[in-house]
Amino acid sequence: MMRKKRRSSVDKAGGSALPSDVPKVKKSKPTGLNIKSTVQEEAVDNVFVQVLREAGVILRRGSCPNEISVDQVVFQRRLPQRLKKNPRYPNIIQEFAAGLESHIEDQDNLRNCLLPCAPPSMDGDSSSVGSYQESLIRLLLGIEMLQSSIIKTLFEKLPEFMFDGVGEDGLNVPRIIINQLKWLDRVVDSKDLADNLMQLVSVAPVEIQRDIITSLPEILEDSQHNDIAKELNSLLQQNTQLTVPILDALSSLSLSAALLTEVRGAIMATLSAVQLEDLPVVVKFILHTITASDATEVVSDLRKKLELELCVLPPVLQASQSRLKSKGATGSSCVQSATTSQDCVGLVLDAIKSAVRFHKAISEAWLKAIESLEEPENHKVIDFLVLLILHSTNTNHSRRGAERVLRVKVRGGLIREALLQKTFRGHAQVMRSYFPSILALAQSLLRSPDLCVVPFAGHMYKHAFTAFDSYCQQEVVGSLVTHVCSGVAGEVDVALELLCELVTQRPAEMALYAIFIKGILDYMDNLTPQQIRRLFYLLSSLAFGQDQHSSHIQDDIHIVIRKQLSSAMPKYKRIGIIGAVMVVGSMGSSRNKPEDCGKSQGLSKEMYRQVTSLLELVQSCSEASPEAAALYYDELANLLQTCKLDPLVQEWIGKSVLEDFQEEFVVDLGPEISGSFPFPAEVKYNLDEEESQGGIAINLLPLLAEDIRHKGEPWSQTMDKEKKRVSPLCLASFFRLLRLCEERQHQGDLEEIDALLGCPLVLTDMEVVEKAESLSRPEREFLCSLLFYTINWFREVVNAFCQQRDPEMKVKVVTRLQNISYLQTVLERCLAATPGFVPPFANFDCDSAEGVAPPTSVAPPKKGKKEATGRKRKAPANKNSSGDSSQLEEGAEAEESQPNHPEKEKEKDKEKEKPAVSLASYRPFFRELDLEVLSVLQCGLLSRSLLDSELHSRVREEVQLGPAELVFLLEDLWRKLEFSLTASSAKRAPFLKGKTDRSVGFSHLQQKSAQDIATYCIQLLPTLCTHLENCHNHFQALLSENQGVVDATGLDIKEHQLMSSAYQLLLQVLLSSFSWTGFSHHEHRPLLKKALGALATRLKEGEDELALDQLTTHSFEYLLNFRSTLPSLGTALTLTHLLIAVSARGSTSHTAYREQIGSLCRHFLCQEWVTPSGERERGIKHNDSLQTLLSIYLTHTDDVLRAIEEIAGEGVPELMNASKDGCSRTFPTLTRQTFLVFFRAVMSELEKSVRRIPPARLSDSIEVHGEKLLTWSLAVRDFHILVNLVKVFDSRPVLTACLKYGRLFLEAFLKLGMPLLDFSFKKHKEDVQSLLKTFQLSTRQLHHMCGHSKIRQDTGLTNHVPALKKSLEQFVYRVKAMLTLNHCQEAFWLGNLKNRDLKGEEILSQRSQASDEDEEGEEEASQLPQEQSEDEEQRSDSDARKNGRDEEEETTDDSD
């Protein structure tokens, strides 16, 4: 069948040429007849013609084909018979060949002999002749006695036509001659034929060479394949033009593995010089000749040689190509070459895809080749494309592997956005076919909880949208909309940000898909306020932007906003206000270019009318609720801060703000304040006392009294201004709007409103808080509300004026911070007396239901001093006494564990009896501090003693940042960094939504990107380092003054607590900064170097220009210097975490850092941590810190098992010999109270360490087995020591930890240790015996614990028993299997193991039960018991000499 198929192509070629020859024959008919008659007369005696005629073939001349009157098989049988019967045989064969040679001298005759024969004319009998006939030459080649002569004749004839090409009749004679040699039934002399063919290749032109080479597999027999492959291999290295035909031929040859490897190596060596058009064939040959054994090596080499980056036109030509395409110049050479190169790249990828699909080893080899790359520069375009191929084919589950490799590479910063951009820019046409995989990978990465890979998913989406057609763009937008509607916070934020970027960069294209984005409006119930802002920014930019590409959705947006604004539900009204203000931002944004000074590009009258009418609508809808009005002011202020509005719109917003604020909230100072209020009204906190007459004040107390008086009454929207109701709830929000209007109008100058910074407030005397218990519930709540409003006013004032450069303004800002510190202390006492009080809201973009309900329980008493007055002159003293009010809960640990000193605190006994609360749970009820407020940190730090000495002389001239204010600002900075930079587990939506919204109080911060916040924090690093050094110097001075005694007499405990909190917070701020996942991204590398440089320069000037590794080293050394002055174990743990985070930023090995961190942790564990009052640190937080520090120590130490043995074998015995309140000498942190912490941490790390021991293999050497056996012996010895400690420390938590980790250790030993014993038993018999004997003692003790747990009937303990018993039984049978494997099964015998308690005493109930069932026990003695344990003992020395191993299995006789 194959022969006929191949021959038919020749027939068609020949047949197509015959009609063109017919006219020529007709013209020369007379001449042709003469020639024919002459030849016939001359051929009477011609042997060639005569023999053929006798065999059944009649030769014809001209265009008539030769005729065959018999079947081909009959002809091939008759002809040899006629020749053999001839008397001149065998000479007649030579005469026959000579006759053929003379016959084909004529070209027409040659053509007829090469073309198929024809059956005889219709009047003859042709019933026995088939429909298809071979050519005469082909028939003769099938006769063995003639084959060699015919082949020789053909090779002699072929060179005559070698350079003729295709003749006039459309025939390529050399090609037809080569085709005659294909698929012969038998080749008489295959070697000679191969030699002749290769000689012909050496002299033939390229086209003939290609024909011959591609025909070789069909001509030669298998015996010649290896020889011809060697010649083709050498020819390949000489002539690259023949690459494709040679590889085609080699692919069809049957070659040995060694020769195939040699050929493939030669081809691989010339791969770089291969023409682009030939590259797909080369790659296909290489991949299809791979075996499983050499797949990894070959694929790795191929990957190095494939430089697809060189297959791309330069950017200049790409630009011209795109222009030519747009003009329709498709015939340009640039366009053609680009298309050709992309087609070739596509064929290369198809070859890879085909190989991956059908060879599992190749897909695994590609993954390994890409995984092995360790430098970003080594990753190439082909790597990303191959990952797409593997993901798209999913052969042998390659999709999961490709996704895993891509995720790991992106997380490690090895595959970066630059490579992705290069791939899309150069190979967009090829990547289009892999778009489903690109989309799937982007979706997967975007949903990843690992924040390091999420930005890369965003880049994939953006490049796919930019590079592909409209269908792909629609799919990208649809996928992003799906992410937004998923309800997962992290996905929603990133997807909205990506949509915003696409709208900003490609508004015209995104306008086509505005209807998709509009669909998100149906899912707004699940979006946060910040997400709603981004959504309306998206829609309003499309609908109302400068070009208004999607004006068709304007009406829909207006309808939604009006519907939300008219809703009576606060949640939907809030959405309406936010959406309306964002629409105003897009409609009213400035359309002037920076260089345009005129107003020709300003808002049109119609657009201005729409903006003002929308603002009036929002204003009228929000007047009915103070919360809605405050939100409206906040959103307008946010719009002014983030968007550049048209001057007309700015003027409309700010035209009446100042007058309204003065009328509603400001009063003139008079001699007295009239009105009836719950408390006497007084003017407090005036910083401009010289202007006390004729000045102004914030009318807070009267407004609050009026608001409470009308509480519950509906707000009127149509009252005249004399009776307009004003809520103090809007005070801070309205002032923020006023301040930003002034900044916009006066380019940052606040001179018009600077009086508000120093003006007083109408309040009451805060001494009334001391009598809070005697007040009624409404009065206490009124007082709490008043304090909240006052603090929020001061916070907003600090926000407004923190960036003013006037020294007097700076002094006032610091003083306001002191007022906040003092008032927070007062508020704590007031809240403690008013349980269940719900403060007024300060952040209005969250649901009222989402607001944090403050806890009713009270915290331990605070130790703040009582303040007599709140006047400005007393503020410096006030701030020092109130600092603990703003401390972190984490930083208050030492305070909680300190005992009281009656001799120092007698004057405060009454105050101590009052419960106090922590304001940490009330943070959502305070106004958010802007990030710019932290610039106040640049003020100097003075300790309390210096402030006392300068209080009377310089307090007015110089007010500096005190410790309390420093703690207040650092706590706010730390919380901001934790919210913005630290990777949060809250990215995934929880199953049950919590009561608190984590983003409450960070609305302004959410407007900034993590990179902006990190940049700002890095600018503060020098200041933070200065404060850190001041804290270090403070504690160093204390230690030197008191000769290293921490709890010296006369120590100011309050100051010590403040400085400790500042120290802790400074380290936490640095830790949050350097833990930012963005530092692992390549684009943030300069920012990381700047951050490390800020620390390195503190050690030595001019160090910021060093390499990253050097900067990391110097920063590590700088931070290490603070280890000697740390005031608490919690601070020490924070420093340890900080050092780990900094060391991880280096690009080299962390071995040196690892040793230093391990040494530092040991130093902290060997240090006695005491509070200023002289007591040891204790408490839950101290124990948690200690356990974490101990885990870090055991993780970073060189030899974990030695360290565990030191703790369990030295530290614990020292503790047992010490007094009741004593501690270990080696590890002072190890006390009877912290023993459980040490025990749990050491057991956990021991179990983890043995799981890291490499599994044993039979192929390992004896030395390797010996080393692993030694490691397991040490681990078992440590385990034995720890388990035996339970006899002394037998508390329930210790027993629980021992049962839990004992089972895990036993399981690890069964999985990893027992295979090692299988291999090592014969070579290391004594070591194995010793190991099992030690382990037997431990397992017996575990069995006793199980019995003890049952006696106690403690479910917390008995829950661990079944699993542990199961592991103990498995261990017994596993030991028996090990002995059987080593032919020592006779050394194994069973016995009964009695149930005992922890002290080793037999459990009586079990013994009595056993005696009652003694008669039945004889029958069961020969059977395996139901419940077995593992007591292995030695039998005798004689048994051991027989290579026996005695294993006694003692079984329990209890039935549970």
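Note: hydrogens, waters and symmetry copies are ignored here, and every other heavy atom, side chains too, is used. In what follows, residues are counted from 1 in the order of the sequence shown. What you are looking at is a predicted structure, and each value in this text was computed from that prediction instead of being measured.
- Under 3.5 Å, the side chains of Gln641 and Glu743 contain no donor-acceptor pair of N or O atoms.
- Taking all atoms of both residues into account, the shortest heavy-atom contact from Met524 to Ile532 is O-CD1, 4.2 Å.
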With side chain to side chain donor-acceptor pair (under 3.5 Å) as the test, would you mind laying out the steps for Gln530 and Ser1003 before giving the verdict? CA-CA 7 Å; Gln530 175 61 16; Ser1003 298; over 6 Å; no
Dump the intermediate steps for side chain to side chain donor-acceptor pair (under 3.5 Å) on Glu928 and Asn843, then the final yes or no. CA-CA 8 Å; Glu928 179 183 1; Asn843 301 287; over 6 Å; no
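- The aromatic ring centres of Phe468 and Phe424 sit less than 6.0 Å apart.
- Rounded to the nearest 0.5 Å, atoms CG (Leu496) and CD (Glu501) are 11.5 Å apart.
- The side-chain heavy atoms of His1084 and Leu1088, taken from C-beta on, include no pair separated by under 4.5 Å.
- For the pair Ser586 (side chain) and Val583 (backbone), a donor-acceptor distance under 3.5 Å is absent.
- Residues Lys810 and Val813 fail the side-chain proximity criterion, which asks for heavy atoms closer than 4.5 Å.
- Side-chain contact check for Leu740 versus Leu636: every heavy-atom pair is 4.5 Å or farther apart.
- In terms of the salt bridge (charged side-chain N to carboxylate O under 4.0 Å, His left out) criterion, residue partners of Arg534 (sequence neighbours excluded) are, by chain and number, Glu497.
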Checking side chain to side chain donor-acceptor pair (under 3.5 Å) for the pair Arg1098/Thr1026: CA distance, chi angles, key distance, verdict? CA-CA 9 Å; Arg1098 310 295 295 191; Thr1026 301; 3.1 Å; yes
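- Aromatic ring pairs are classed by plane angle as parallel below 30°, tilted from 30° to 60° and perpendicular above 60°; the pair Tyr461 and His483 is perpendicular.
- Donor-acceptor pairing under 3.5 Å is recorded for the side chains of Arg407 and Ser444.
- Side-chain N or O atoms of Gln473 include one that pairs as donor or acceptor with a backbone N or O of Phe465 at under 3.5 Å.
- Ring pair His463/His459 is tilted by interplanar angle, where 30° to 60° counts as tilted.
- Taking the six-membered ring for Trp and thresholds of 30 and 60 degrees, Phe734 and Tyr633 have nearly parallel ring planes, at less than 30 degrees apart.
- From Leu1087, atom CG reaches atom CG of Leu1092 across 10.0 Å, with rounding to the nearest 0.5 Å.
- For the pair Tyr1118/Cys1025, a side-chain contact is recorded, criterion being any heavy-atom separation below 4.5 Å from C-beta on.
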For side chain to side chain donor-acceptor pair (under 3.5 Å), just list the numbers for Gln474 and Tyr513, CA-CA rounded to whole Å, side-chain angles, deciding distance to a tenth of an Å, and then say yes or no. CA-CA 7 Å; Gln474 174 180 319; Tyr513 315 107; 5.9 Å; no
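- Under 4.0 Å is where a charged nitrogen must lie from a carboxylate oxygen, and between Arg739 and Asp930 at least one such pair does.
- Between Gln1064 and the options Leu1135, Val967, Thr1134, a side-chain contact (heavy atoms from CB on, under 4.5 Å) holds for only Thr1134.
- Between Leu445 and Val454, the closest side-chain pair of non-hydrogen atoms is not below 4.5 Å.
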